[in-house]
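For reference, the structure discussed in these notes is given below.
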Amino acid sequence: MSRHLRNYLLTMKILILGGTRFLGRHLVEAALSAGHEVTLFNRGLSAPGLYPDVEQLRGDRDGGVGILAGRNWDAVVDTCGYLPRVVRQSADVLRHSNRYLFISSVSVYRDASRPGLAEDAPVAELVDPTNEDIPANYGALKAACEQIVLRVFAERALVVRPGLIVGPHDPTNRFSYWVRRCARGGPVLLPDAPDYPVQFIDARDLAGWLVELLQIDARGTFNAVGPAQPLTLSDFVARCARALGADARPVWVDAEFLRQHGVQPWTDLPLWAGQEHVGIAQVRGEKAWSSGLRHRPLEDTVRETWRWCSGRRDEPPAGGLTNEREAALLSAWVRHPR
């Protein structure tokens with residue numbers, strides 16, 4: 001079979017719910033690069049002119065999905081489903097499409113303290129199914145969304161649970177905080193947990209692999225985490241600094257001192273979620289790796305993220321310690337009796 005004919009046979013019509021922010025835009029680019037026909041459905045509020053040659057359907061997932069009725073796609077990719085009630089609307093109106101890929105999260109797992117969580121580990125459940133407080137119930141809500149998709153699409157459903165997604169266009173400051181901080185150099189405040197495990201996945205690696213999953217008609221549930229080789233917080237910071245040619249010097253600060261000074265795991269010091277959530281940084285990814293998920297070198301992700309951060313004109317998102325607060329904490333730690 002010729003390469004041209006093979007590519008033709010693999011060409012799909014893909015509907016992406018969202019598609020103009022972080023993972024969504026990387027998905028659009030991966031799908032277009034693979035020769036697929038892409039349609040976007042969103043409200044048109046975020047970068048509406050980003051893909052002028054791509055079909056754009058305007059609507060609201062919550063009560064405004066009528067424009068999708070009567071149309072079918074080879075694959076639907078749901079990048080922004082957080083509430084079961086809302087996911088049910090899109091799943092129902094698109095039930096005749098061939099496949100529905102739901103982007104979930106490793107946060108669905110019930111016991112976040114247990115290392116080695118695989119796809120069959122128990123997931124969290126909502127105590128109150130009517131509670132739509134996303135920050136307070138993120139994992140349980142995502143798990144409930146998964147169930148909606150599985151009920152509607154059954155064997156045509158594909159659920160992917162990424163870990164922390166990182167790289168250019170990240171609207172959070174969870175990974176880029178450390179890139180910015182290492183680039184600035186000098187003493188860097190870190191929790192006294194140099195061996196704390198770190199997991200994340202570059203959005204570009206994730207997007208390319210998701211398109212490949214659709215091309216091979218994969219089904220089921222996959223954790224999408226990386227790197228394949230274990231990485232510690234100490235190694236991560238050191239490699240991040242080296243990749244940027246920066247003189248960043250770790251200062252390992254006692255967890256009790258951090259607690260007394262109101263420093264919050266994950267929020268103030270991203271990638272460190274504390275021992276009660278350490279399992280989320282040790283999720284098993286063998287199923288995804290064996291299906292083709294590959295990870296670019298950490299240094300490439302760091303440098304590309306720094307390049308994107310450096311070119312931003314707007315203020316960086318909230319998250320992580322401010323320069324002033326970190327300096328005050330480092331000064332207090334130096335004076336702290338030990």
Side-chain angles (χ1 to χ4, degrees), residues 12-62 64-65 67-68 71 73-83 86-87 89-91 93-94 97 99-107 134 138 141-142 145-146 149 157-176 200-215 222 224 288 293 296 301 304-305 308-309 312 314 317:
M12 296 179 292
K13 293 183 178 181
I14 301 176
L15 172 67
I16 299 177
L17 307 183
T20 56
R21 296 192 72 199
F22 183 27
L23 175 60
R25 67 191 295 165
H26 290 298
L27 264 168
V28 172
E29 291 163 11
L32 292 175
S33 295
H36 301 300
E37 182 181 328
V38 175
T39 300
L40 303 184
F41 172 76
N42 54 54
R43 294 175 295 173
L45 301 179
S46 176
L50 188 59
Y51 299 110
D53 298 326
V54 170
E55 181 184 22
Q56 312 264 346
L57 302 179
R58 299 291 181 232
D60 193 320
R61 295 195 56 164
D62 192 359
V65 297
I67 196 171
L68 301 176
R71 294 194 57 177
W73 282 267
D74 296 311
V76 177
V77 185
D78 189 342
T79 69
C80 52
Y82 302 101
L83 299 175
V86 176
V87 169
Q89 295 176 48
S90 61
V93 77
L94 294 164
S97 292
R99 280 164 288 173
Y100 196 106
L101 165 54
F102 181 71
I103 307 301
S104 186
S105 168
V106 295
S107 295
I134 295 175
Y138 179 73
L141 285 168
K142 276 288 195 180
C145 290
E146 291 182 5
V149 172
L158 176 59
V159 174
V160 172
R161 297 169 176 166
L164 179 65
I165 306 174
V166 307
H169 305 293
D170 181 359
T172 75
N173 199 31
R174 296 174 297 189
F175 182 86
S176 54
F200 51 80
I201 182 167
D202 190 299
R204 295 162 295 177
D205 296 333
L206 177 59
W209 173 68
L210 292 173
V211 172
E212 291 175 3
L213 286 183
L214 294 175
Q215 290 175 166
F222 295 82
L293 176 59
R296 68 193 63 209
T301 299
E304 286 300 313
T305 301
W308 173 74
C309 288
R312 293 188 65 175
D314 55 339

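Since we're looking at a predicted model, the values are computed, not measured.
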Please table the atom pairs, donor to acceptor, closer than 3.5 Å between any side-chain atom in residues 12-26 and protein atoms at least two apart or in another chain.
| residue | atom | partner | partner atom | Å |
| --- | --- | --- | --- | --- |
| T20 | OG1 | S46 | O | 2.8 |
| H26 | NE2 | P168 | O | 3.1 |

Sequence-distant partners of R174, salt bridge (Lys or Arg N to Asp or Glu O under 4.0 Å), two or more places apart: none
Can you tell me which residue pairs pass the salt bridge (Lys or Arg N to Asp or Glu O under 4.0 Å) test with a partner in residues 47-58, sequence neighbours excluded? E55-R71
Treating R99 as the side-chain partner and L214 as the backbone partner, does any N or O pair qualify as donor plus acceptor under 3.5 Å? yes
With distance as the sole test, does Q56 use its side chain to make a donor-acceptor pair with the main-chain N or O of Y51 at under 3.5 Å? yes
I'd like to check V87 versus R61 (side-chain heavy atoms, cut-off strictly below 4.5 Å). Are they in contact? yes
To the nearest 0.5 Å, what is the distance between CG (L101) and CZ (F222)? 10.0 Å
When rounded to the nearest 0.5 angstrom, what is the spacing between OG1 in T301 and CZ in F175? 6.0 Å
Drop me the distance from C80's SG to N42's CG, to the nearest 0.5 angstrom. 8.0 Å
Atom pair CG (L57) and CZ (F41), whose distance is rounded to the nearest 0.5 Å: 7.5 Å
Looking at CG of L141 and CD of E146, how far apart are the two atoms once the value is rounded to the nearest 0.5 Å? 11.5 Å
Between A224 and I201, what is the shortest heavy-atom contact and its length? O-CG2, 3.9 Å
Stepwise, does the side chain to side chain contact (heavy atoms under 4.5 Å, CB included) test hold for L40 with L50? CA-CA 11 Å; L40 303 184; L50 188 59; over 6 Å; no
My understanding is that only residues two or more places apart in sequence, or in another chain, count here; which of them pass salt bridge (Lys or Arg N to Asp or Glu O under 4.0 Å) with R296? D202, D205
Partners meeting salt bridge (Lys or Arg N to Asp or Glu O under 4.0 Å) with D60 (sequence neighbours left out): none
List the steps and the verdict of side chain to side chain contact (heavy atoms under 4.5 Å, CB included) for W308 and E304. CA-CA 6 Å; W308 173 74; E304 286 300 313; over 6 Å; no
Looking at every non-hydrogen atom in both residues, tell me the closest pair between P48 and G44 and how far apart they are. CB-O, 3.4 Å
Non-hydrogen atoms of K142 and G81 that approach each other most closely: NZ-O, 2.8 Å
Looking only at non-hydrogen atoms, find the nearest pair between A31 and V211 and report the distance. N-CG2, 3.9 Å
Pairwise side-chain contact, V54 with L32, heavy-atom cut-off 4.5 Å (strictly under): yes
Side-chain donor or acceptor of S104 paired with backbone N/O of R161 under 3.5 Å: no
Could you give the distance from OG1 (T79) to CG (L210), rounded to the nearest 0.5 Å? 10.5 Å
Evaluate the criterion side chain to side chain contact (heavy atoms under 4.5 Å, CB included) for residue pair T305 and D170; output intermediate values, then yes/no. CA-CA 9 Å; T305 301; D170 181 359; over 6 Å; no
Quick one: do W209 and V160 satisfy side chain to side chain contact (heavy atoms under 4.5 Å, CB included)? Show the steps, please. CA-CA 11 Å; W209 173 68; V160 172; 3.8 Å; yes
Ring pair (Phe, Tyr, Trp, His ring centres under 6.0 Å) involving Y100 - partner list, sequence neighbours excluded: F153
V106 and G163: which non-hydrogen atoms are nearest, and at how many Å? CG2-CA, 3.8 Å
Heavy-atom pair with the smallest gap, counting every atom of Y138 and S105: CE2-OG, 3.6 Å
